[in-house]
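What's counted below: heavy atoms across the whole structure, side chains too, no hydrogens, waters or symmetry copies.
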Amino acid sequence: MEKLATRSGPGTRFRDTGSFDVRGETVKILCREYDHNDVCWVECEVRAYKAAERVCITNSTPVPQ
């Protein structure tokens, strides 16, 4: 698998949350769930990074190092 297209829930009725290039990486499967058409979907652990300057973080927001 090269591209991992993701959704916010199990099914095409959930919003697209982006695609990730996972070539050469291991993707951890957390659980499986079936949609209303009895199609099996898996919840995957995908790590993504975002520039902190584009996220609303205050001094009181706990962000681990």
Is there a side-chain contact between [X] and [Y] (heavy atoms, below 4.5 Å)?
X   : Y   : result
R23 : K3  : no
W41 : R7  : yes
E45 : V27 : no

Q) How many angstroms lie between atom NZ of K28 and atom CD of E43, to the nearest 0.5 angstrom? A) 11.0 Å

Q: Working to the nearest 0.5 Å, report the span between CG of L4 and CG of D21.
A: 10.0 Å

Q. Can you tell me if R15 uses its side chain to pair, donor with acceptor, with the backbone of S8 under 3.5 Å?
A. no

Q: Name all residues meeting the side chain to side chain donor-acceptor pair (under 3.5 Å) criterion together with T17; count only those two or more places apart in sequence or in a different chain, and write none if there are none.
A: T6

(Q) If I compare all heavy atoms of C44 with all of I29, which pair ends up nearest, and what's the gap? (A) SG-CD1, 3.7 Å

Q: Taking all heavy atoms of C40 and all of Y34, pick out the closest pair and write down the distance.
A: CB-CE2, 3.4 Å

